[in-house]
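The next block holds one structure in the form of structure tokens; read it before the comments.
This is a predicted model, so every value here is computed, not measured.
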4 protein chains.
Amino acid sequence: MCAAKRRNPGSGARGAGLDSRAMTQADLTHQRLVRAALELFTTQGYHVTTTPEIAKKAGVAEGTIYRHFQSKQQLLNDLYRGGARWAAKLVKEADATPGGARDKLAALGRALVAATAREPAVAQLFFLQRHGSLLDDESRKTARDFRLALESLVAQGKAEGSIKAGAAELWAHVWLGVVSLALDHVSAREWPPDHAGVQPTLEAAWEAIRATV
Amino acid sequence: MCAAKRRNPGSGARGAGLDSRAMTQADLTHQRLVRAALELFTTQGYHVTTTPEIAKKAGVAEGTIYRHFQSKQQLLNDLYRGGARWAAKLVKEADATPGGARDKLAALGRALVAATAREPAVAQLFFLQRHGSLLDDESRKTARDFRLALESLVAQGKAEGSIKAGAAELWAHVWLGVVSLALDHVSAREWPPDHAGVQPTLEAAWEAIRATV
Amino acid sequence: MCAAKRRNPGSGARGAGLDSRAMTQADLTHQRLVRAALELFTTQGYHVTTTPEIAKKAGVAEGTIYRHFQSKQQLLNDLYRGGARWAAKLVKEADATPGGARDKLAALGRALVAATAREPAVAQLFFLQRHGSLLDDESRKTARDFRLALESLVAQGKAEGSIKAGAAELWAHVWLGVVSLALDHVSAREWPPDHAGVQPTLEAAWEAIRATV
Amino acid sequence: MCAAKRRNPGSGARGAGLDSRAMTQADLTHQRLVRAALELFTTQGYHVTTTPEIAKKAGVAEGTIYRHFQSKQQLLNDLYRGGARWAAKLVKEADATPGGARDKLAALGRALVAATAREPAVAQLFFLQRHGSLLDDESRKTARDFRLALESLVAQGKAEGSIKAGAAELWAHVWLGVVSLALDHVSAREWPPDHAGVQPTLEAAWEAIRATV
DNA sequence: CATGAATGAGTATTCATTCAT
DNA sequence: CATGAATGAATACTCATTCAT
């Protein structure tokens, strides 16, 4: 009575581009649907995008969508979770950067910009778009994983005394808020990743939250 | 295609609450529609809100909407322009504050928070929501008026040397981006206007853009 | 979020044909939808009948259906309940016939045949069609009212000694089962109400349940 | 448009349970599809039952259905014909019972109840369900074979003077109508085959059609 | 023979908008 | 001005059937 039960593991990873070796026909269709939906949801918005449109862009029949996703909303959630995991991985990698919180955040900022240049739609969907009540609990949990990882970076900075006192949650939010302004331009292809506005914006993000003497 | 031709002047002002003196029956209906739509658009989103829902919330018949607005989209634009003018007025008032750009921006930040506490939906609609291609040229122009006024404040700071060099547009954007984080919480009634997070956030907005030695 | 809330009382009665005086435009549309759906559900079956078909037959737009009924299924239930009340009224009238249970059942049999000749579709829908899980609790309750009234007639016959001992429910069921065979032919317009098969069938219904010496 | 061309003889017999001796893999799959469809069609109805559902219940892939049956409708017809032949055989066996029409019909009634207890779904499909225009000519012919056999029994009773004058067709119909009420309960597992309601109902069927002095 | 991904016509339902009253 | 019944195009989703593997 409902399709898309068998979730082949690693589909998220494949969505992000790596891996390959033995991609079945069905997996390819899945991919094309993901790319098509990602593109349309981010350029037009979820509600304005119709299922015939997604199918057409993916080059498949409309019914095929429902062999891969339970519903249009579920498709959005899959996309969103992919974005959240993608973002969380960047944070984890940045956390491995040697140095203090400042260095790690700087690395993260650059990584976010670079990744956004590579996958503008994913960044747009996860960082810049509001999805209100369309997200399910699982998606919210995945997003929280990202936020917690970022907050842990900020908490480290607080412990070092390099970031302002006050809720780590708040400063993580502020830092990301400023960085998002850069991501917005990059994602919209208004700014290439080495645009003159990027570096100052990332620095501004740091200055907004660094401890003041 | 035929309704809502007569533009009654001052409808924006009435939306903000002032004025009174001889409010006709029709004006009252207009008001109720504006409030209903504002509430629904901001809590649920434009696309999810249906015209029957708006009518019901306003306590009028479905068809009545079209005696006051040409279309649902036009209604959104009216609301948006109201918000833009409301915001522009706050900037203009802040500009009159004595002192340097820092003082004026500080005043503006406080005013934005206070105004958002009074009219959360208006702030939400104008500052926090993306409307993509729903806005018409007129609305975009009105929004630009606000942005230009804000940028002029920032430019003044740059001239004074208190704000970083670089595009005034960029720093206005950054400053507003951080302030918006506070407005978001206030608008969602998570933060009262005197919440402990407000002041630090406003300060962070300034620190993100102030000239560094 | 859902239509057809205002149930103007007497709509069932009007459906059965009586009453008139001040029939609004909306009531007329309601009527036409009822007749169209009745005809189609009984000739083709519920699942095979599509909403465009109903609308077309009623001479209205498809969306109009949903101003009068919450759903296709609700429309069926409305029809069914109308039939159940119509049938229950016949039982009550037959109960008023002077004489014993035999006379009353005979009167009821004739009344059912006559009524079926007048409203073949209503009889078909209520007596001859199975609706499985499509019926809601309200409909089931209304149908029970009819059955209980019939069983009370049978119980009276048992008390008189003119009907076999055993569950009144069973004999009511048997009697109606045989009578339904006649209704089936009448409803299908294979038999006019005075066809030679009618009277013997009604007598057979009685003989199936009358007490034997 | 290309499957299920080869009519493997005896598929009906296999459906009824007998026969065996070298049942190939394909025959087993056929069996499972038949049982699954029978179960679903009778519990839910034909239109509500989907082919994926049938396949799932049978434990085969969706496409496999079409290696055994040309279409969902053809599957129903196969099932129906199986039921009709099964019923016709019971009539023929009852006809061999020594004695008059009364004895033969009594034997048939008991046999029908017993068979229904063994194969509730088959009885339900053939006796209790209406299939309207879903049945093809072949199915209708098979059903007529059953009816004619039954009518011949009744005609014999008329010749003996033990059954009422009038169309044999009518009295066969009436007798079966009453017996079906019992079959209904037995098929629904509400009545075991030796339930107290069975015998009186079978007697009532006879009394409905027996000649009266 | 069996599979199951793909198909695309078909379905019930919604909703912005119109217009007679 | 206000009403609310009517509209019909548009929407997400289903399902019997096909066919390459």
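Counting heavy atoms from C-beta outward, B:His47 and A:Val48 have side chains that approach closer than 4.5 Å.
Along DNA chain E, the nucleotide nearest to A:Thr29 and the one nearest to C:Gly63 differ in position, and the one closer to the 5' end is contacted by A:Thr29. Mapping C:Ala61 and D:Pro52 onto DNA chain F via the closest heavy atom, the residue that lands nearer the 5' end is C:Ala61. Checking B:Lys72 against C:Val48, the closest nucleotide of DNA chain E that is more toward the 5' end is the one next to C:Val48.
At least one side-chain nitrogen or oxygen of D:His68 sits closer than 4.0 Å to the OP1 or OP2 atom of E:dA2. For E:dT14, neither phosphate oxygen OP1 nor OP2 lies less than 4.0 angstrom from any side-chain nitrogen or oxygen of C:Tyr66. A sub-4.0 Å separation between OP1 or OP2 of F:dG8 and a side-chain N or O of C:Thr64 is absent.
Remark: C1' of E:dT18 and CD of C:Gln25 are 15 Å apart, rounded to the nearest angstrom. Per the geometry, CD1 belonging to B:Ile65 stands 15 Å off C1' belonging to F:dC1, to the nearest Å. Between A:Glu62 atom CD and E:dA5 atom C1' there is a gap of 17 Å when expressed in whole angstrom units. For the pair C:Phe69 CZ and E:dT14 C1', the interatomic distance rounds to 18 Å; values are reported in whole Å. When rounded to the nearest whole Å, the span between NE2 of C:His30 and P of F:dA6 equals 11 Å. Between C:Gln73 atom CD and E:dT13 atom C1' the separation is 14 Å, expressed in whole Å. For the pair B:Glu53 CD and E:dA16 P, the interatomic distance rounds to 9 Å; values are reported in whole Å. Regarding A:Gln74, its CD atom lies at a distance of 13 Å from the P atom of F:dT14, rounded to whole Å.
For C:Arg67, the side-chain atoms get nearest to F:dA5 when compared with the rest of F:dA12, F:dA5, E:dT7. Side chain of C:Thr51, nearest nucleotide from E:dT17, E:dA6, E:dT13: E:dT13.
If you take CD1 on C:Ile54 and CG on C:Leu40, they are separated by 6.5 Å, rounding to the nearest 0.5 Å. Distance check, rounded to the nearest 0.5 Å: CZ of B:Phe41 to CG of B:Leu75 gives 4.5 Å. The line from CD of B:Gln124 to CG of B:Leu38 is 9.5 Å long, rounded to the nearest 0.5 Å. With values rounded to the nearest 0.5 angstrom, A:Arg140 atom CZ is found 5.5 Å from A:Leu135 atom CG.
Note on B:Thr50: only backbone sugar-phosphate atoms sit closer than 4.0 angstrom, heavy atoms only; bases stay farther off.
Between E:dC1 and F:dT21, the two P atoms lie 22 Å apart (nearest whole Å).
When the options C:Thr29, C:Val122, C:Leu79, C:Asp78 are evaluated for a side chain to side chain contact (heavy atoms under 4.5 Å, CB included) with C:Val34, the one that passes is C:Leu79.
Figure legend. E:dC1 is base-paired to no nucleotide; pairs are counted as Watson-Crick or G-U wobble with both atom distances under 3.5 Å. Figure legend. F:dA16 is base-paired to E:dT7; pairs are counted as Watson-Crick or G-U wobble with both atom distances under 3.5 Å. E:dT13 and F:dA10 make up a base pair, with Watson-Crick or G-U wobble contacts both under 3.5 Å.
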